[in-house]
Each structure stands twice: as structure tokens, then as C-alpha cells.
2 protein chains.
Amino acid sequence: MKKKTTIYDIAQELNVTVSTVSRALSGFPAISDATRKAVLEVAKKLNYSPNKLASALKSGKTYIIGVIVPSVQAQFFASIIHSIEDGLKDSGYRIILYQSNESIDNEINGVKTLLEAQVDGIIASLSLETSVFEHFNEIIKQNKPLILFDRVHESLNVPTVTLDDFEAGYQATKHLIKQGYKKIAFVTTEHQIKIFDDRLKGYRSALSKHRLACAEDHVIFGDLSISAGQKGAERLMNSENTPDAIIAGDDFTALGVIKKLKEMGKTPPQIGVIGFANETFSDYITPSLSTIDQHPNKMGTACAEMFLKMIRQENPYKNTDHIVLSPTLVVRESTSNTK
Amino acid sequence: MKKKTTIYDIAQELNVTVSTVSRALSGFPAISDATRKAVLEVAKKLNYSPNKLASALKSGKTYIIGVIVPSVQAQFFASIIHSIEDGLKDSGYRIILYQSNESIDNEINGVKTLLEAQVDGIIASLSLETSVFEHFNEIIKQNKPLILFDRVHESLNVPTVTLDDFEAGYQATKHLIKQGYKKIAFVTTEHQIKIFDDRLKGYRSALSKHRLACAEDHVIFGDLSISAGQKGAERLMNSENTPDAIIAGDDFTALGVIKKLKEMGKTPPQIGVIGFANETFSDYITPSLSTIDQHPNKMGTACAEMFLKMIRQENPYKNTDHIVLSPTLVVRESTSNTK
DNA sequence: TTGAAAGCGCTAACAT
DNA sequence: ATGTTAGCGCTTTCAA
């Protein structure tokens with residue numbers, strides 16, 4: 001196997017120096033058209049392909065950015081990554097993917113690993129386990145853009161892209177109230193994550209605004225999953241204080257809730273059910289699931305734009321924006337109360 | 001901002017040379033324990049973080065591999081990427097993601113871009129548009145591992161990981177026949193992709209084996225999508241030769257088929273419907289969708305293992321394996337014929 | 001407009 | 001066991 005063509009080979013072929021070749025290749029203005037054309041020609045002839053590594057080592061810019069998410073298997077994160085990659089591609093940036101799998105150790109290792117790879121910045125969403133944040137400080141110390149999205153934390157003073165989760169919780173609750181439901185329960189996660197807290201606050205706020213009591217045994221803290229939804233629904237419906245509607249922490253949990261309610265002969269909208277995320281399946285289950293759309297693609301696009309903005313500034317943290325997207329209520333059968 | 005610590009800083013601090021530091025850091029055996037310990041200590045004290053770029057430039061190995069998929073927004077590819085990343089993480093490999101969005105131009109650009117980034121290898125699944133393959137040859141020429149999965153093509157003589165798609169088509173058809181359906185239609189893509197061809201062949205083979213005619217107007221070539229499923233079902237059910245079962249090219253298409261059939265009052269399993277991929281939603285729609293599971297996580301794991309095997313050989317293409325996974329029939333309500 | 005040369009941070013062959 | 005040194009391929013300052 002013959003060695004790869006470098007700018008030295010091109011220089012030799014043309015009897016010029018590497019600096020000339022480098023300039024011709026990088027569109028440097030003070031170069032004669034003839035030289036540039038000749039270089040481009042020879043480059044093509046020799047099948048030259050630039051070694052971005054060498055360029056990166058010298059310039060300190062790799063044009064690679066790291067993305068840390070819990071798991072790309074969740075539709076929500078997949079969509080965000082899709083949009084981030086798409087939004088950054090044209091600017092020459094590529095993405096290294098790192099999945100934390102909801103583990104803080106993985107997340108810490110991810111940051112370390114990405115920094116060693118000399119990424120130009122990191123876009124991340126916290127794992128459920130994350131309650132310390134020192135590992136992110138090194139990114140900031142290196143003056144590289146760090147953007148947090150969706151699962152953020154205020155102890156990190158960096159730009160963020162989030163949904164208005166208070167509003168999301170509020171809207172979901174208000175919608176149920178408008179539909180005539182009066183005893184509204186909430187099945188959520190036990191983890192202290194801001195977005196889930198905010199939704200709960202929105203829920204409580206909507207209740208009190210409409211002068212409805214918030215029974216503490218109507219808030220169930222556990223997992224977010226189909227089985228957690230089933231368990232939660234069972235517990236709620238077997239208590240002495242049964243709700244007439246259930247808000248689930250995400251669509252999967254809502255799915256579990258619906259399954260259990262159907263089993264119990266309380267098929268929604270008899271008991272109202274609403275979720276969060278607008279997963280693909282939500283429109284196609286029976287009854288179809290009302291939910292709050294979190295606009296993952298918009299979120300990804302916003303992350304990409306924010307990154308590009310930050311990278312252009314000498315100090316990426318000059319003014320740390322906080323983009324907050326508005327949730328959208330999607331009304332379907334599971335909350336279409338008719339009584 | 002102070003400059004980053006390099007091995008030179010460590011060497012200076014200890015009055016040794018960089019080679020000593022390099023050796024201590026990389027676990028070279030012929031080093032005194034005392035020196036190694038001292039180096040490690042100072043490295044920690046100075047908050048040293050290795051620059052993998054420099055190491056990569058020198059050694060020619062980046063420990064980064066490129067993954068090209070149509071879109072990470074499809075659950076199938078997301079799962080594969082999840083497993084590839086997971087399977088390679090412990091060996092120190094990271095993943096650069098590149099989405100072709102089903103465009104051949106993007107795919108070509110992806111290969112180019114990844115090679116410039118000096119990836120150690122590429123794992124890819126072809127776009128629907130791909131009908132030329134020269135862009136992949138450069139990878140092979142550079143003696144770097146190229147692995148194709150799922151959407152492969154025989155004109156590329158590289159290792160592959162695929163599902164037995166003939167078997168998948170055969171099983172789906174046989175299952176419908178066993179359930180008593182006799183006039184089985186197929187809604188598939190118009191693109192000339194091997195996996196879809198194979199499924200069609202499996203379908204035809206199963207029909208002829210069971211002495212059922214294969215009406216040519218029962219095979220609809222178009223898109224794969226919810227709306228394509230609706231259109232396909234409509235066309236089939238409005239023809240003079242209506243089928244009593246429909247195989248859809250993927251679960252999304254099957255979803256469209258089901259929607260249309262329900263509208264027409266022919267709710268499955270009255271008309272049998274089966275899809276491919278076992279998407280998350282398939283178990284939760286009504287009626288729940290029978291489908292063929294393609295085992296994306298197994299496929300991703302197999303890709304990761306195959307990559308590790310290839311990278312260890314001096315000639316990665318010494319023996320090009322073709323791993324073929326068996327599909328699994330998942331029976332649900334949409335094919336539970338009871339007549 | 002072009003050339004010469006230093007170096008980005010690390011590795012490894014060769015020498016001691 | 002440790003040191004010396006020549007690069008990996010490119011960018012960029014300074015000089016011509």
C-alpha cells in the first residue's frame with residue numbers, strides 16, 4: 001500500500017513549497033490564480049485528501065463536537081441528535097456521540113474522553129443520576145462551549161435550551177380541569193431533576209389556581225416506564241381516594257397507566273390520561289393519548305444555532321442565553337371527557 | 001487562560017525527558033516504579049489530560065470510527081447505534097455519527113468527511129438512493145475496516161451483518177397462510193434495495209410453496225411511510241381483486257394500512273396485516289401489530305465485534321465474514337384470524 | 001506572490 | 001532505566 005498524498009507531494013510535483021500549497025488549498029487570497037489552479041489540479045491528480053488531524057493539532061480546532069445523552073434509543077434524544085447533526089453539518093462540524101445510559105460515572109467519563117479527543121465543544125443532557133457537576137467545569141475552564149438541554153441544572157452557569165416545563169405541567173393540568181376532571185393525580189419520577197420538578201409545580205399551580213385541592217397521596221414518585229405506569233395506576237385506583245384523571249411523567253408511563261385502566265374496566269377517557277413527549281406511538285394506541293409535545297427537533301436546532309453563536313465569540317460565555325421553548329398541548333381521545 | 005499541561009511540563013517538573021514521561025504514562029514496562037509513580041503524581045497535580053490528537057497523528061490511530069446511517073430518528077438505526085457505541089466504548093473507540101438522510105450525495109460526503117477525520121474504520125448502512133459504490137472503495141484502499149449492515153450491496157466485497165430477509169418475507173407470508181389468509185398482498189418500496197427484494201422473494205417463495213397464486217397487482221411498489229400504507233391499502237381494497245391480508249414493508253407502512261382498513265370497516269384481523277421491524281409502537285396500537293423483529297441490538301453488537309476483529313488483523317479483509325441473523329416472528333392481534 | 005522554518009503534543013527507534 | 005531526536009501533516013509568522 002502506497003503512502004497517502006500530502007501537501008509535500010503536491011509541492012514537490014510543482015516545485016513550490018508547502019506553504020504555497022497550503023495557501024492555495026485553504027483559499028488564502030494572496031496567491032496567483034495560476035498557482036492555485038495548478039495546485040488544485042495536482043491535488044486532484046494525486047487523489048489528495050487533507051488530514052484534518054494535522055490541521056486540528058496545529059490550529060487547535062477539530063471541528064468535532066461531543067454530544068452526551070442518556071440514550072439515543074429514546075425517540076426524544078434521537079430526534080434532538082438528528083437535528084443537531086443536521087444543523088451543524090453545513091458548518092463543517094461533526095458529532096461524536098456519547099451515551100451515559102443514565103449513569104453518572106459514564107457521564108463523567110464521557111466528558112473526560114471527549115475533552116481528550118479535543119472536541120471544540122460539548123452539548124449534553126444530564127443523566128438521571130447526575131447530582132454533582134464538577135466534571136463539566138473543565139469544559140468551561142478550557143473556554144469551550146458547553147450547552148445543556150432539556151435535563152439541565154442551575155448550578156451550572158451555562159447556556160441552556162429547555163422546554164417550559166412548568167408551563168407543560170400547567171397546561172396538562174388545566175386541560176384536564178377544562179375537560180371536567182376534578183381529582184387529578186400525577187405519576188412521576190423520584191429523581192430530583194429540574195424538568196420533572198417544574199412539571200409538578202405547574203400541576204400544583206394549576207390546581208390551586210382553579211381551587212382544587214392537591215391531595216399528597218395523588219402524587220406518586222417512582223420510575224418512568226410502562227410498568228411504572230401500571231403500578232402507579234393500580235395504586236391510585238385501589239386507594240380510598242381514587243382520582244378521575246392521571247398525568248403521567250412521560251408517554252411510556254401513560255401507556256402503562258392506560259393498559260392498567262383498561263384492564264380495570266376504566267378505559268380512558270372515563271379516567272382522563274395525559275402524558276409528555278408525544279412519542280410516535282401516542283397517536284396510534286387505543287384510546288389515542290393526549291400529550292404535551294416537547295419539540296425535540298426545534299430543541300436540537302436551537303442547540304446547533306447556539307453552539308455556532310458561542311464558537312464565534314472569543315468568550316463563548318459572554319452572555320449565556322437560556323432558550324425556553326413552549327410546549328404544545330396535543331389533545332386526543334384519552335382526555336376527551338364527555339360527561 | 002493558562003496553557004494546557006503537556007508531557008513536557010511534567011518532564012520539566014521532574015527533570016526527566018518526555019520519553020520517560022510518555023513511557024510512564026503509557027504503561028511501558030522498562031520503567032522504575034519510582035519514576036512511574038512520580039510521573040503519575042505530577043500529572044495529577046498539574047491536571048494533565050492527554051491530547052489524543054497528537055497521539056493519533058503520530059500513531060495513525062484515532063480510536064474513532066465513523067457510523068453512517070440514513071437517520072438516527074428511525075428506531076431501528078437508533079438501536080443499532082446504541083449497541084455499536086456500547087460495544088466499542090470499553091475498547092476505547094468512540095463514534096462519529098453521520099446521517100445520510102437517504103441521500104447518496106450526503107453519503108458520499110460522509111465517507112469523504114470521515115476519512116479526512118482519519119477514522120479508524122467505518123460502519124454503514126446504505127441510503128435508499130445508493131446505486132453507485134465507488135465512494136466506499138477509498139476506505140478499502142486505505143486498508144481500513146468497512147462493515148455494511150442491514151442495507152448492504154453485493155457489489156461491495158466487505159463483511160456484512162444482515163438479517164435473513166428472504167426468511168423474514170417467507171415467515172411473514174407463511175404465518176398469514178397458516179392463519180387461513182389466501183389472497184396476500186405486499187406493499188413495499190420501489191427502490192432496488194437487496195433487503196426489500198429478498199423479502200419479496202421470500203413472499204413469492206412461500207406463496208408458490210403453498211400453491212397460492214401471486215397476483216402481480218397484489219404487489220404495490222411505492223414509499224415506505226404511514227401515508228404510503230394508507231394509499232396502498234386503499235388501492236388494494238378498491239381493486240377488483242381484493243386481498244384478505246396485507247404485508248407492509250415496515251411497521252410504519254403497516255400502521256397506515258391499518259388506519260385505512262379501520263376507516264373502511266375492515267379492521268384487522270378481518271384483513272390480516274403484518275409489518276417489519278417491531279417498532280416500539282407496534283405492541284400498543286389497536287389492533288396490536290404482528291411483525292418481524294429484526295434484532296437491531298444484536299445487529300449493532302455484531303457490528304462492534306466484527307470491527308474489533310478486523311482491526312486486530314494486519315489485513316482486515318483477510319476473510320470477509322457475513323453474519324446473518326435470524327428474524328423472529330412476533331404474533332399479535334392484527335393477524336389473529338379466527339374464521 | 002512565494003519561501004523558509006518553527007512548532008502543535010506525542011511516539012518510538014536508537015543510543016547510552 | 002533513561003535520554004536524544006526525528007518526525008506525524010499541517011499552519012503560520014517572518015522574511016524575501
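Letters go in sequence order (proteins before strands), and every chain restarts at 1.
In this structure, B:Y48 reaches the C:dC10 phosphate: one of its side-chain N or O atoms is under 4.0 Å from OP1 or OP2. Checking the phosphate oxygens (OP1, OP2) of C:dT11, a side-chain nitrogen or oxygen of B:S22 falls inside 4.0 Å. An OP1 or OP2 oxygen of C:dG3 is reached within less than 4.0 angstrom by a side-chain nitrogen or oxygen of A:T17.
Because its NZ or CZ atom is not both nearer than 6.0 Å to the ring centre of B:F136 and within 45° of the ring axis, B:K141 does not count as a cation-pi partner of that residue. In this structure, B:K61 satisfies the cation-pi test against B:Y63, with its NZ or CZ atom closer than 6.0 Å to the six-membered ring centre and inside 45 degrees of the ring normal.
Atom CD1 in A:I31 sits roughly 13 Å away from atom P in D:dT11 (whole-Å rounding). If you take CG of B:D9 and P of C:dG9, they are 9 Å apart, rounded to a whole angstrom. Atom CD1 in B:I10 sits about 14 Å away from atom P in D:dG3, given to the nearest Å. Atoms CG (A:L25) and C1' (C:dT2) sit 16 Å apart, rounded to a whole Å. If you measure from atom CD of A:Q142 to atom C1' of C:dG9, you get 14 Å, rounded to the nearest angstrom. Between the P atom of D:dT12 and the CG atom of A:L57 lies a distance of 12 Å, rounded to the nearest Å. Look at CG on B:L14: it is 11 Å from P on D:dT2, rounded to the nearest Å. A:Q12 has its CD atom 13 Å from the P atom of C:dA4, to the nearest Å.
The residue A:S19 sits close to a base: some heavy atom pair falls under 4.0 Å. No engagement by A:F28 is indicated, since no non-hydrogen atom pair under 4.0 Å with the nucleic acid exists. B:S32 comes within 4.0 angstrom of sugar-phosphate atoms only, judged by non-hydrogen atoms across all strands, and of no base. If you check every strand for non-hydrogen atoms under 4.0 Å, A:T35 touches sugar and phosphate atoms only. Across all strands, A:N15 comes closer than 4.0 Å only to sugar-phosphate atoms, never to a base (heavy-atom distances).
Donor-acceptor pairing under 3.5 Å is recorded for the side chains of A:S32 and A:T35.
Annotation: of the two residues near DNA chain C, B:S55 and B:R23, the 5′-most nearest-nucleotide partner is B:S55. Remark on DNA chain C: of its neighbouring residues A:A30 and B:I7, the 5'-side contact belongs to A:A30, judged by nearest-heavy-atom nucleotide.
Side chain of B:V16, nearest nucleotide from D:dG3, C:dT1, D:dC10: D:dG3.
In terms of polar N and O atoms assigned as donor or acceptor, the side chain of B:Y8 never comes within less than 3.5 Å of the base of C:dC8 in a complementary pairing. With hydrogens and angles ignored, a donor-acceptor pair under 3.5 angstrom links the side chain of A:K58 to the base of C:dG7.
Salt bridge present: A:E102 and A:R151 bring a charged side-chain N and a carboxylate O closer than 4.0 Å.
A side-chain donor-acceptor contact under 3.5 Å links B:E129 to the backbone of B:I104.
Here CG of A:N101 is found 6.0 Å from OG of A:S71. Values are rounded to the nearest 0.5 Å.
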